[in-house]
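A short worksheet on the structure shown next.
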Amino acid sequence: MALATRQRRPTPSDPSSSSPSLSYSKVDKSGKSKNKEELDKGLGWFLPLFALGMLRYMSATSNIIHDCDEVFNYWEPFHYLLYKSGFQTWEYSSQFALRSYLYLGFHQLVGRPASLLFGEEKVRVFYAVRLFLALLSVITETVLVVALSRKYGKRIASYTLAMLCLTSGCFFASTSFLPSSFSMYAMSLSSGLLLLDKPAMAVAVAATGVILGWPFSILAFLPVTFYSLSRRFKQAFAAGAVTSVTLLALSLLVDYYYYGRWTSSVLNLLLYNVVGGGESHLYGTEGALYYLRNGFNNFNFCFILALLFLVMLPILRRKYALDLLVVVSPIYIWLAFMSLQPHKEERFLYPIYPLICVAASVVIDSFPDLFRDRYNSNDNSLLVVIAKVLRPVVLGLILCASHARTFSLIHGYSAPLEIYKLLEHHEDVGTGSVLCVGSEWHRFPSSFLVPNYVGKVRWIDDGFRGLLPFPFNSTLGGTAAAPPYFNDKNKASNEQYLQDLESCTLLVELHLSRPYPYRGSDLSTWEVIGALPYLDRELSPSIYRSFFIPYLWQHRNTFGMYKLLKRVPK
């Protein structure tokens, strides 16, 4: 009987001790690679939690609303669930049932207790939900940063953390009440779990991001899902199947409860846009380069570096495992797919925002490898040294440009959100007041900012010929109603505008330097009770309105006045 041979315990420097999934080798001064224990000593949990917590708190409290879809398809029906009043869009008509009440129901975990706690102070409920969104962002992105640190080292994790905190895209998307933002949280968490070698959990999170969040984001989750299935098929498949079936069944039940009939909003949305062809072009079209321009605005040079990841792949593959390419690949898949669609919006790119930061961090970290002799790991030539110095310089440039972009947007376009907050200081207008909004309907920041003494918010005709949201009609059945004035052709309804303008007691208008009169200019009828500057996009140079440049931002840009007016008593 042969004796078993005792195996020699591998030393830390023994190549046989390296994990097969860890192909990254960080070159130190001695030319030896760091082992897994040394990588584990990278960033811990506290720093990313603290840094992201601070920045996401700032986002929750200062973020503007970037898209009227966020208001009318999410904040307004959410307000109806809590307070039985709010605007309804055609997508929420039970005839079409394109929007999921499961997504809104998930946020009631915070919204419902907050509404009971704060009572009539609805603004506090608004910010409580935003803080909840910020918390989701902090947790998911922290997992991604820690996973990068453990897998690829402290430097890449630190670069990624800095860009997640300060790039404008991540700053704004992190606290937007949108399914695409929820898919972004899921993308961060799923990618982090994959890097932490938890493929089953990664697939379960991906399924949650698609079904509870945004169904179309399934394309962005395919690389992580397929790679996880190839690693541990049985566990990953079971986790994904159980999560998907559970959420789809729950969505079906919730939709039945609110729409009053058996229907699946997830299936309806896919059928409308894919099988039925959809008619999203009715809401505007953009050229093929829209997302490239948008990506640079929100990430500046970080976006360019992220796109260079594929160009540098022959160099990067020497240092990084396949799973990093899997994590980053949704950037290119998603950009290509979305650029082919005629209807484009900034929020459509939200799911890949954290991955842009990861890809750019890897490229910055690899600057010296562009000039280093591949057969000499100790190469410290002048070009290699310069490339090392460039790393913090480029990162600093990205962060400064990002701060300039964020500052410009917040201070240039926050007036709509802030002007409605002034309403709570003018209860003397009287209970049952009618707040009228004309061409500024698309910047209405939600009923959460309208105090209870305002009886109605009504639209007045300023020339818009598309279909506008209507208040939920409890008489017709509330969420289960299929009002006849809704259609899926974006055709205006005769009932959407207030005909008796004399019934308006409050008015919101944006006054710009244009050669036409404004209703609020009639001082015999209207009294200004609040006015805030608003950046005039058309009359301001693109470079100065897009990025804050001290002194020049104030003096080179043109500003209008966002006004809150009340009717002068006769």
Side-chain angles (χ1 to χ4, degrees), residues 55 58-59 61-68 70 162-176 284 286-307 344-350 353 356-357 360 393-421 439-440 442-443 445 508-516 518 530-564:
L55 270 296
M58 293 172 62
S59 174
T61 55
S62 63
N63 196 3
I64 62 176
I65 293 178
H66 301 260
D67 194 323
C68 64
E70 178 183 353
M163 286 189 275
L164 285 172
C165 285
L166 292 176
T167 49
S168 300
C170 292
F171 185 87
F172 292 129
S174 62
T175 54
S176 293
E286 297 287 348
L289 299 180
Y290 173 82
Y291 287 124
L292 296 181
R293 295 194 303 270
N294 188 269
F296 183 79
N297 282 339
N298 284 312
F299 289 92
N300 56 81
F301 300 104
C302 173
F303 185 70
I304 296 175
L305 292 172
L307 295 182
K344 300 177 178 67
E345 295 189 38
E346 178 180 319
R347 60 190 167 91
F348 292 169
L349 288 193
Y350 284 5
Y353 273 7
I356 293 173
C357 298
V393 172
V394 171
L395 179 64
L397 179 63
I398 290 172
L399 299 184
C400 288
S402 297
H403 176 71
R405 170 72 175 172
T406 302
F407 188 96
S408 179
L409 290 182
I410 289 177
H411 289 271
Y413 301 105
S414 63
L417 196 63
E418 298 301 322
I419 205 73
Y420 280 85
K421 293 179 183 178
S439 59
E440 285 303 295
H442 62 291
R443 296 192 181 102
V508 170
E509 276 191 333
L510 172 60
H511 289 198
L512 301 173
S513 299
R514 302 290 188 274
Y516 46 78
Y518 294 95
L532 294 171
Y534 186 85
L535 201 153
D536 190 335
R537 185 180 184 277
E538 293 181 12
L539 298 183
S540 300
S542 59
I543 184 64
Y544 297 117
R545 72 167 184 262
S546 298
F547 299 95
F548 176 80
I549 304 173
Y551 181 79
L552 295 178
W553 189 83
Q554 295 93 331
H555 293 85
R556 294 294 182 89
N557 287 321
T558 301
F559 295 86
M561 294 302 294
Y562 216 90
K563 295 185 177 181
L564 173 63

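Along the sequence shown, residues carry numbers from 1. Only this structure's heavy atoms are used, side chains among them; waters, hydrogens and symmetry mates stay out.
Judged as a ring-ring contact (aromatic ring centres under 6.0 Å, His included), and not counting sequence neighbours, the contacts of Y413 are Y534. In terms of the side-chain hydrogen bond (donor to acceptor under 3.5 Å, both in side chains) criterion, residue partners of H66 (sequence neighbours excluded) are, by chain and number, N63. Partners of H511 under the ring-ring contact (aromatic ring centres under 6.0 Å, His included) rule, at least two apart in sequence or in another chain, are Y518. Legend: residues meeting ring-ring contact (aromatic ring centres under 6.0 Å, His included) with F348, ordered by chain and number and at least two apart, are W214, H343. Qualifying side-chain hydrogen bond (donor to acceptor under 3.5 Å, both in side chains) partners for E418, counting only residues two or more places apart in sequence or in other chains: K421. For F407, the ring-ring contact (aromatic ring centres under 6.0 Å, His included) test picks out H411, F548, with sequence neighbours left out.
Formation of a donor-acceptor pair under 3.5 Å by the S546 side chain with backbone atoms of I543 is not found in this model. Side-chain atoms of Y350 do not come within 3.5 Å of backbone N or O of C170 as any donor-acceptor pair. Using a distance-only test at 3.5 Å, with no hydrogens or angles considered, no donor-acceptor pair links the side chain of S408 to the main chain of A404. Of the possible donor and acceptor atoms, one in the side chain of N557 sits under 3.5 Å from a partner among the backbone N and O of Y544. In this structure, S540 contributes its side chain and T558 its backbone to a donor-acceptor pair below 3.5 Å.
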**OP:** Any chance you could lay out the side-chain contact (heavy atoms from CB on, under 4.5 Å) test for L395 and L399, step after step, and finish with the verdict?
**Re:** CA-CA 6 Å; L395 179 64; L399 299 184; 4.2 Å; yes

**OP:** Output, in order, the C-alpha distance, side-chain angles, deciding distance and verdict of side-chain contact (heavy atoms from CB on, under 4.5 Å) for H403 and L166.
**Re:** CA-CA 7 Å; H403 176 71; L166 292 176; 5.7 Å; no

**OP:** List the steps, then state whether side chain to side chain donor-acceptor pair (under 3.5 Å) holds for S402 with S168.
**Re:** CA-CA 5 Å; S402 297; S168 300; 5.0 Å; no

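Interatomic distance, C357 SG to L164 CG, rounded to the nearest 0.5 Å: 4.5 Å. A distance of 9.0 Å separates CG of N297 from OG of S542, quoted to the nearest 0.5 Å. If you take CG on L417 and OH on Y562, they are separated by 10.5 Å, rounding to the nearest 0.5 Å. Here the CD1-OG1 distance, from I64 to T175, works out to 10.5 Å after rounding to the nearest 0.5 Å. The OG1 atom of T167 sits 9.0 Å away from atom OH of Y353, with the distance rounded to the nearest 0.5 Å. With rounding to the nearest 0.5 Å, the separation of CZ in F172 from CD1 in I65 is 12.5 Å.
Considering R347, E346, E70 in turn, E70 is the only one that fulfils the side-chain contact (heavy atoms from CB on, under 4.5 Å) rule with S176.
The two residues F171 and C165 come nearest to each other via the heavy atoms CD1-O, 4.1 Å. Nearest heavy-atom pair, L535 versus R545, reported as atom, atom and distance to 0.1 Å: CD2-CB, 3.7 Å. The nearest pair of heavy atoms linking K563 to A531 is CG-CB, 4.1 Å. Of all heavy-atom pairs between R443 and P416, the closest is O-CB, 3.7 Å. Annotation for F296 and F301: closest pair CE1-N, 4.0 Å, computed over non-hydrogen atoms. Of all the heavy atoms in S513 and D536, the pair that sits closest is N-OD2, 4.4 Å.
Residue-environment remark: CE (M561) exceeds the threshold of 12 foreign heavy atoms within 6.0 Å.
Looking only at side-chain heavy atoms (C-beta outward), C302 and I356 come within less than 4.5 Å of each other. Side-chain contact between L512 and L539 is absent, with no heavy atoms from C-beta onward closer than 4.5 Å. In this structure the side chain of I398 reaches within 4.5 angstrom of the side chain of M163, judged on heavy atoms.
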